[in-house]
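In listed order, ligands and their atoms are each counted from 1. Residue numbers run from 1 in the order of the sequence given.
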Amino acid sequence: RLTVSPSSSQFFQYDFVSLSCEEDDSSAGWTLRRNTSKQERTQCGDGWGTPAGSSCNIRYTYPSDSGVYWCESREGTVSNMVHLTVTGGSVILQSPVLPVMEGDDVTLLCKTKTTPSNLPAAFYKDGSLIRKH
Ligand SMILES: *[C@@H]1O[C@H](CO)[C@@H](O)[C@H](O)[C@H]1NC(C)=O
């Protein structure tokens, strides 16, 4: 299982993000890989990220870190995949990283780069307004 901390699929440029490969017994032998628009299947430490045990830390994110991330075992078994987006903009939508089950409650948060974050916000789904605050 691949988990992301902080738990968000969108990040601001210069954010810190830690990705972890977790397994029930041990996470030994798992490699974190990613595809971005520029490179495919590169592993943590190979030009991006710093390996830290079963985690991989990205100290300062950049838009070029946007892409799909997954863990891969030596045997080629793959974990869930996670799409991360890093924006150079000033607003992000904080939404669950992992798929949610039907019927679950979900909290969506519009986050601004500069505090305070309690600004008016409108949420759209597939182009249609669903909620305004
Ligand atoms: C990553 O890129 C490789 C090479 O194009 C492709 O085969 C693979 O499906 C991609 N993986 C994901 C998770 O998108």
Side-chain angles (χ1 to χ4, degrees):
R1 194 168 84 109
L2 169 62
T3 61
V4 181
S5 178
S7 182
S8 180
S9 46
Q10 292 189 14
F11 293 91
F12 293 117
Q13 188 171 327
Y14 310 131
D15 274 353
F16 173 87
V17 56
S18 181
L19 302 121
S20 301
C21 296
E22 292 177 355
E23 205 181 10
D24 289 341
D25 37 353
S26 129
S27 52
W30 289 81
T31 305
L32 180 71
R33 293 186 183 277
R34 76 177 191 183
N35 282 359
T36 62
S37 59
K38 286 193 177 138
Q39 289 180 305
E40 281 163 352
R41 269 183 58 88
T42 53
Q43 71 181 64
C44 177
D46 185 7
W48 63 274
T50 306
S54 57
S55 300
C56 176
N57 298 329
I58 303 178
R59 183 72 192 83
Y60 295 107
T61 56
Y62 287 92
S64 57
D65 292 314
S66 299
V68 53
Y69 290 74
W70 69 94
C71 300
E72 209 174 286
S73 74
R74 270 189 289 266
E75 296 77 34
T77 314
V78 294
S79 69
N80 57 305
M81 286 162 195
V82 161
H83 290 260
L84 297 186
T85 304
V86 180
T87 173
S90 53
V91 181
I92 57 172
L93 175 68
Q94 199 168 73
S95 61
V97 183
L98 301 176
V100 295
M101 301 293 282
E102 187 175 356
D104 279 356
D105 286 339
V106 165
T107 301
L108 301 175
L109 178 69
C110 277
K111 254 181 119 179
T112 51
K113 197 166 189 172
T114 52
T115 49
S117 266
N118 55 343
L119 298 164
F123 294 83
Y124 294 81
K125 174 178 175 287
D126 299 333
S128 303
L129 181 68
I130 54 170
R131 190 105 162 228
K132 222 172 185 168
H133 283 277

So, does [X] use its side chain to make a donor-acceptor pair with the main chain of [Y] at under 3.5 Å?
X: Arg33; Y: Arg41; answer: yes
X: Gln10; Y: Leu93; answer: yes
X: Trp48; Y: Gln43; answer: yes

query: Do the side chains of His133 and Phe123 get nearer than 4.5 Å, heavy atoms only?
result: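 Yes, their side chains come closer than 4.5 Å.
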task: For ligand 1, list the protein residues that place a heavy atom within a distance below 4.0 Å of one of its atoms, sorted by chain and number.
output: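 For ligand 1, the contacting residues are Asn35, Glu40, Val68, Trp70, Met81.
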field: ILVMFWY cluster, Leu98 and Phe11 together (side-chain gap under 4.5 Å)
entry: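 Per the 4.5 Å side-chain linkage, Leu98 and Phe11 are co-clustered.
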- prompt: Out of Leu2, Thr3, Val97, which one pairs with Asn80 under the side-chain contact (heavy atoms from CB on, under 4.5 Å) rule?
  reply: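 Going through the options one by one, the only one that passes is Leu2.
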